[in-house]
Amino acid sequence: MTRGSLIVFEGCDKSGKSTQCKKLVEYLNNHGNQAEQWRFPERSTEIGKVINDYIEKKCELHDRAVHLLFSANRWELVPLMKEKLESGVTLVVDRYAFSGVAFTSAKGLDFEWCKSCDRELPTPDKVFYLDIPIDEASTRGDFGGERYEVSSFQKTVQEKFQQLQDDSWEIIDARNTIENIHKLLCESTLKIIENNKENPLKMTLF
Ligand code: FDM
Ligand code: MG
């Protein structure tokens, strides 16, 4: 049995993450690879419901408390994540711990503190970062009414994302067309799946 890959998408709101995740999963499933689209926060769990209320501004929470909830929402899904990956399913994940660190540290909390609770999560085989200037992203339609969907804050988040980038990230110009980006992602992902299928999953995030 060979394992699936853990593919993560990061980027600011309106960078096209959800569109590309969906198209990539469809492509993989049509080309002989089992794949599932995941997202964080996963709002359907009990923890996710609290996060959802917070994001929708239906409740207030302490900044550190909500950061820990976002992290707990990942940890509660790790057993299922490992089970899927080990049974050969590639997971295409819309946001992960990098969003956790970028959004909370953009509020002014200590960067290393933000990373600490996600330490030793499953390590992505690749992070695709969809890069777009915030001023351009905001012309793609209104930021919705959710907490954090504010241009000035998103600019700080983007700076934090830049601090997290390393060699395992592929930075993609999100101003390119949907189809061009999709093509590039398909080619890259097939190679990643092939190169990692015999490698054990690492649990060494941060
Ligand atoms: N977000 C997302 C965080 O603040 N921390 C996290 O750990 C994650 C995964 O939640 F504004 C923020 C990012 C975004 C909001 O995410 C909801 P989606 O992708 O828009 O549903
Ligand atoms: Mg959003």
Side-chain angles (χ1 to χ4, degrees), residues 6-25 36-78 80-81 91-124 127-132 134 136-165 169 174 205-206:
L6 179 57
I7 309 287
V8 166
F9 279 76
E10 292 284 7
C12 70
D13 274 294
K14 298 268 182 282
S15 59
K17 292 186 303 302
S18 306
T19 304
Q20 293 296 342
C21 285
K22 184 165 178 282
K23 285 175 74 71
L24 181 59
V25 167
E36 287 184 13
Q37 185 176 356
W38 282 36
R39 73 206 56 77
F40 288 109
E42 173 48 64
R43 302 185 195 211
S44 65
T45 68
E46 291 306 311
I47 294 169
K49 286 174 195 160
V50 180
I51 294 172
N52 182 61
D53 284 352
Y54 175 78
I55 302 265
E56 291 186 349
K57 297 191 259 188
K58 289 179 183 150
C59 70
E60 292 304 318
L61 287 166
H62 188 280
D63 286 339
R64 288 187 197 263
V66 77
H67 181 78
L68 294 171
L69 288 177
F70 274 109
S71 178
N73 184 231
R74 285 182 280 280
W75 282 110
E76 68 177 335
L77 286 157
V78 165
L80 185 61
M81 192 185 281
L91 301 180
V92 176
V93 186
D94 188 344
R95 296 193 190 278
Y96 196 51
F98 311 101
S99 277
V101 176
F103 279 78
T104 304
S105 68
K107 294 173 168 179
L109 274 77
D110 180 73
F111 202 67
E112 293 305 317
W113 183 84
C114 292
K115 284 162 87 173
S116 59
C117 46
D118 286 309
R119 197 158 283 154
E120 298 176 10
L121 272 176
T123 314
V127 179
F128 290 122
Y129 183 74
L130 296 188
D131 196 24
I132 184 167
I134 302 300
E136 195 160 327
S138 59
T139 65
R140 291 184 166 185
D142 283 342
F143 279 136
E146 294 199 329
R147 197 184 293 266
Y148 304 145
E149 293 184 343
V150 176
S151 289
S152 55
F153 184 70
Q154 295 271 331
K155 283 181 187 169
T156 312
V157 170
Q158 198 164 43
E159 288 166 18
K160 300 294 180 184
F161 272 129
Q162 280 157 9
Q163 285 182 47
L164 288 162
Q165 288 165 11
W169 289 43
L205 188 68
F206 301 142

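Treat the numbers as computed from the prediction; the structure is a model and nothing was measured. First listed ligand is number 1; within each ligand, the first listed atom is number 1. Along the sequence shown, residues are numbered consecutively beginning with 1.
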Exercise for review: Tell me, with the steps shown, if V50 and L61 meet side-chain contact (heavy atoms from CB on, under 4.5 Å).
Suggested key: CA-CA 10 Å; V50 180; L61 287 166; 4.0 Å; yes

Review point. Quick one: OH on Y96 to CD on E10, what's the gap to the nearest 0.5 Å?
Key: 10.5 Å

Check your understanding: What protein heavy atom sits nearest atom 6 (C) of ligand 1, and how far off is it?
Key -> F70 CD2, 3.2 Å

Check your understanding: Where on I55 is there a heavy atom closer than 4.0 Å to ligand 1, on the side chain, on the backbone, on both, or on neither?
Key -> side chain

Practice item. Start with the C-alpha gap between F40 and F9, add the side-chain angles, then the distance that decides, and say whether ring pair (Phe, Tyr, Trp, His ring centres under 6.0 Å) holds. Key: CA-CA 10 Å; F40 288 109; F9 279 76; over 10 Å; no

Exercise for review: Indicate yes or no for a side-chain donor-acceptor contact from K17 to the backbone of C12 under 3.5 Å, with no hydrogens or angles considered.
Suggested key: yes

Check your understanding: If you measure from NZ on K14 to OG1 on T19, what distance do you get to the nearest 0.5 Å?
Key -> 9.5 Å

Practice item. Would you give the length of the straight line joining atom CD1 of I47 to atom CG of N52, rounded to the nearest 0.5 angstrom? Key: 14.0 Å

Exercise for review: Check the angle between the aromatic planes of F98 and F206 and answer parallel, tilted or perpendicular using the 30° and 60° thresholds.
Suggested key: perpendicular

Review point. Do R95 and D13 meet the salt-bridge criterion of a basic N to acidic O distance under 4.0 Å?
Key: yes

Review point. Where the closest heavy atom to atom 14 (C) of ligand 1 is concerned, which of E10, R95, K14 has it?
Key: R95

Point to revise | atom 4 (O) of ligand 1: nearest protein contact (heavy atom, Å) | key: F103 CB, 3.3 Å

Review point. Among all protein non-hydrogen atoms, which one is nearest to atom 21 (O) of ligand 1, and what is the separation to 0.1 Å?
Key: R43 NH2, 2.8 Å

Review point. Side chain, backbone, both or neither: which part of R39 comes within less than 4.0 Å of ligand 1 when only heavy atoms are counted?
Key: neither

Practice item. State the atoms of ligand 1, each with its element, that fall below the 4.0 Å cut-off from a heavy-atom position in F40. Key: 9 (C)

Exercise for review: Specify the protein heavy atom at minimum distance from atom 20 (O) of ligand 1: its residue, its atom name, and the distance to 0.1 Å.
Suggested key: D13 OD1, 3.9 Å

Practice item. Would you mind naming the N, O or S atom of D13 nearest to the Mg ion (ligand 2)? Key: OD1

Exercise for review: Would you mind listing which atoms of ligand 1 come within a distance below 4.0 Å of any non-hydrogen atom of G100?
Suggested key: 5 (N), 6 (C), 7 (O)

Practice item. Report the part of P41 (side chain from C-beta onward, or backbone N, CA, C, O) that has a heavy atom under 4.0 Å from ligand 1; answer both or neither where that applies. Key: both

Exercise for review: Flag R74 as yes when one of its N or O atoms lies below 3.5 Å from any N or O atom of ligand 1, and as no otherwise.
Suggested key: yes

